[in-house]
Amino acid sequence: MTAPRVRFAPSPTGDLHVGSVRASLFNWLYARRFGGTFILRIEDTDRARSTDESTNVILEGMRWIGMEPDEGPFFQSQRGDLYRARLDELLDARKAYRCYCTKDEVAAKRADAERQKKLYRYDRTCRDRTDAPDLPFVVRAKLPEEGTVVIDDLVKGRVEVRNDQFDDLILARQDGSPVYNFTVVVDDIDMQITHVVRGDDHLNNTPKQIHLYSLLGAPLPAFAHLPMVHGANGKKLSKRDNVVSILQFRDLGYLPETMLTFLVRLGWAHGDQEQFTVEELTQLFDLKDVRPSAAVFDEKKLDWLNGFKLREMTPAALRDRARTFIEAVGIDPETTWVLRAVEALQPRANTLLQLAKGLRMFTDRGPVTYDEKAARKFLKEEQRERLTLLADRLAEIDDFQAPALEAATMAFLEEHEWKMKHVGQPCRVALVGGTVSPSLFDVMEIFGKDVSLARLRAAAAFAPSEE
RNA sequence: GCCCCUAUCGUCUAGCCCGGUCCAGGACGCGGCCCUCUCAAGGCCGAGACGCGGGUUCAAAUCCCGCUAGGGGUACCA
């Protein structure tokens with residue numbers, strides 16, 4: 001097998017959609033697996049909708065996720081000469097022709113057909129015209145009127161379509177600018193693409209493009225049409241109801257390797273294996289293992305996956321990865337207590353953002369504001385004595401670390417014949433003001449001796465005394 | 001309307017090509033239990049699917065046909 005050449009060809013008209021990232025990923029993985037070349041081509045022929053900003057978003061998203069192109073980015077807007085040359089060839093060879101029908105005429109015929117409930121197809125009035133009036137025109141390809149096209153799709157299998165389905169498609173607009181179906185084919189030929197791997201929303205374009213290959217006298221690449229990704233509503237993922245931008249996932253605190261693993265598992269599997277490293281993926285991935293049916297993007301599973309990957313890291317690595325999030329929350333990641341706090345929060349966070357937010361619990365070292373309900377329930381009168389006694393006991397500890405604190409507390413409890421479950425929540429409320437936090441001993445270690453004892457005593461004082 | 005694609009637990013999927021080993025396996029989610037100072041994490045257990053109807057066959061999730069349902073396309077967008 002010769003080394004494959006594949007491409008990702010997004011149009012810069014908005015965010016980089018996770019569905020696009022997945023299509024790109026399948027291309028990239030295929031290239032990596034078989035020692036091929038991955039090319040990035042920006043399809044910006046629709047100048048009204050394309051923006052530089054969007055191009056940058058695409059580049060940024062791909063860099064973030066680690067899919068750097070081997071060649072490109074190429075911009076279709078800079079390749080006009082190529083398209084014009086191929087267009088002239090087609091015209092000269094009479095494989096394409098100038099069509100002088102105006103937009104309005106065509107629109108009228110279409111409306112007419114719709115009114116009669118008939119399928120509209122351009123009637124080819126200009127196909128065999130021999131005159132050349134000095135009027136604006138559009139260039140159309142002469143497509144076969146009979147017969148069938150066969151697509152041997154790597155994921156969909158054999159697809160056969162009748163040629164009477166198509167009209168003579170437009171190659172270049174009235175202003176001379178080339179149209180998508182033409183530029184893709186010209187570029188894929190020029191860039192010697194061996195495998196066209198894209199979403200199956202393009203499956204309907206493929207027969208037309210196959211005809212263009214033959215008009216242009218070029219060999220056919222292999223095609224692989226990937227199933228779509230749907231939202232929970234069963235429809236195409238939409239900006240309206242879902243988070244779809246890859247950069248948004250980044251900003252929410254998902255890891256790029258999470259996105260990669262999750263996205264590749266939408267439509268591809270390797271037995272029962274759930275976890276993959278990027279290296280593994282580049283050794284295992286193959287287009288022939290891609291399922292043909294659409295998949296639903298399950299945010300719950302994404303969260304689980306991200307949390308899983310977060311928990312695999314060492315606390316130091318996790319802190320480093322969460323750096324920008326920690327800073328955003330106003331904390332210096334190098335502060336000494338941060339590492340311990342990250343460790344304590346690690347099993348409790350599914351995203352870097354959640355982790356950073358969790359850290360805020362430890363920033364304020366002054367008096368605690370108690371959650372009203374929590375205080376009423378746990379800071380009862382008997383806690384005056386317990387909390388005070390515990391504070392006195394812990395005051396004797398010099399090595400204010402979780403293990404020592406735990407040992408001392410356990411001994412203390414035993415002496416007084418109290419149970420952890422009787423003092424645990426009161427302590428927690430005393431320390432953080434609420435009923436949810438990491439282990440008390442971790443919390444105390446993070447706060448340090450002075451703050452911890454002060455808070456324990458403050459809570460004891462706060463608890464109501466006997467009437 | 002017409003064309004194309006798809007169809008295994010709620011979701012992602014294994015199995016389907018090469019029928020029997022599948023009273024269908026794994027994972028997320030869900031329920032329960034354990035652990036436990038709360039919440040998580042972790043461990044264990046459980047409920048949960050071959051869309052329907054016809055064939056073919058000794059035997060079908062697996063092969064064939066039809067239906068139904070869902071999705072996509074039908075531009076001088078990409």
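Predicted, not measured: the structure shown is a model, and the values here were computed from it. Each chain gets a letter, A, B and so on, in the order the sequences are listed, and its residues count up from 1. Note that these values count all heavy atoms, side chains included, but never hydrogens, waters or copies made by symmetry.
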Describe the nucleic acid contact of [X] in one word from base, sugar-phosphate, nothing, applying a heavy-atom distance below 4.0 Å.
X: A:Met420; value: base
X: A:Ser293; value: sugar-phosphate
X: A:Leu440; value: base
X: A:Lys156; value: sugar-phosphate
X: A:Cys101; value: base
X: A:Phe441; value: base
X: A:Thr102; value: base
X: A:Asp303; value: nothing
X: A:Pro438; value: base
X: A:Gly307; value: nothing

Closer than 4.0 Å, any side-chain N/O of [X] to the OP1 or OP2 of [N]?
X: A:Arg311; N: B:A40; value: no
X: A:Lys236; N: B:G73; value: yes
X: A:Thr45; N: B:A78; value: yes
X: A:Lys235; N: B:G70; value: no

Taking the same atom, [atom1], in [N] and in [M], what whole-Å distance lies between them?
N: B:A47; M: B:A24; atom1: P; result: 11 Å
N: B:U68; M: B:G10; atom1: P; result: 23 Å
N: B:A78; M: B:C18; atom1: P; result: 42 Å
N: B:A40; M: B:C33; atom1: P; result: 14 Å
N: B:A60; M: B:U8; atom1: C1'; result: 14 Å
N: B:U13; M: B:G31; atom1: C1'; result: 22 Å
N: B:A14; M: B:C30; atom1: P; result: 24 Å
N: B:C50; M: B:C22; atom1: C1'; result: 10 Å

May I ask you to check whether A:Gln425 and A:Arg428 show a side-chain donor-acceptor distance below 3.5 Å? yes
Nearest to the [X] side chain among [options], which nucleotide is it?
X: A:Lys301; options: B:A27, B:A78, B:A7; value: B:A27
X: A:Val138; options: B:A27, B:C76, B:U6; value: B:C76
X: A:Trp304; options: B:U38, B:A41, B:A27; value: B:A27
X: A:Val161; options: B:C12, B:G29, B:C3; value: B:C3
X: A:Asp272; options: B:A78, B:G26, B:G10; value: B:G26
X: A:His202; options: B:A78, B:A14, B:U38; value: B:A78
X: A:Val159; options: B:C37, B:C5, B:A40; value: B:C5
X: A:Arg265; options: B:C37, B:C76, B:U13; value: B:U13
X: A:Ala295; options: B:G26, B:C3, B:C12; value: B:C12
X: A:Gln165; options: B:C2, B:A40, B:U6; value: B:C2

Polar pair under 3.5 Å, donor/acceptor by atom type, side chain [X], base [N]:
X: A:Asp201; N: B:G73; result: no
X: A:Ser437; N: B:C39; result: no
X: A:Asn204; N: B:G72; result: yes
X: A:Asp44; N: B:A78; result: no
X: A:Glu274; N: B:G26; result: yes

Output, in order, the C-alpha distance, side-chain angles, deciding distance and verdict of salt bridge (charged side-chain N to carboxylate O under 4.0 Å, His left out) for A:Glu372 and A:Arg376. CA-CA 6 Å; A:Glu372 201 183 311; A:Arg376 206 181 316 126; 3.3 Å; yes
Once you round it to whole Å, what is the distance between [atom2] of [N] and [atom1] of [X]?
X: A:His225; N: B:G71; atom1: NE2; atom2: C1'; value: 15 Å
X: A:Asp289; N: B:C16; atom1: CG; atom2: P; value: 12 Å
X: A:Asn205; N: B:A75; atom1: CG; atom2: P; value: 11 Å
X: A:Asp152; N: B:C4; atom1: CG; atom2: P; value: 16 Å
X: A:Leu355; N: B:A40; atom1: CG; atom2: P; value: 17 Å
X: A:Gln275; N: B:G26; atom1: CD; atom2: P; value: 17 Å

Taking side chain to side chain donor-acceptor pair (under 3.5 Å) as the criterion, tell me which of A:Asp201, A:Asn204, A:Thr206, A:Asp200 meets it with A:His225. A:Thr206
If the test is salt bridge (Lys or Arg N to Asp or Glu O under 4.0 Å), which one of A:Arg140, A:Lys142, A:Arg124 qualifies with A:Asp168? A:Arg124
Watson-Crick or G-U wobble mate for [N], both contacts under 3.5 Å:
N: B:C39; result: none
N: B:A27; result: B:U11
N: B:U6; result: B:A69
N: B:A75; result: none
N: B:C44; result: B:G32

Could A:Lys301 and A:Glu274 be called an ion pair, given the rule that one side-chain N must be under 4.0 Å from one carboxylate O? yes
For A:Gly157 and A:Asp298, find the nucleotide of RNA chain B closest to each by heavy atoms; which residue's nucleotide sits nearer the 5' end? A:Gly157
Assign each of A:Gln425 and A:Asp175 the nucleotide of RNA chain B bearing its closest heavy atom; nearer the 5' end lies the nucleotide of A:Gln425
Distance under 6.0 Å and angle within 45° of ring axis: A:Arg393 vs A:Phe412: no
Should the pair A:Arg98 and A:Tyr100 be classed as cation-pi, given the thresholds of under 6.0 Å to the six-membered ring centre and 45° from the axis? no
Can you tell if the side chain of A:Leu16 reaches within under 4.5 Å of the side chain of A:Met62, non-hydrogen atoms only? yes
Can you check whether A:Phe285's main-chain N or O pairs, donor with acceptor, with A:Asp289's side chain at less than 3.5 Å? no
Which word best sums up how the rings of A:His211 and A:Phe166 line up, parallel for under 30°, tilted for 30 to 60°, or perpendicular for over 60°? perpendicular
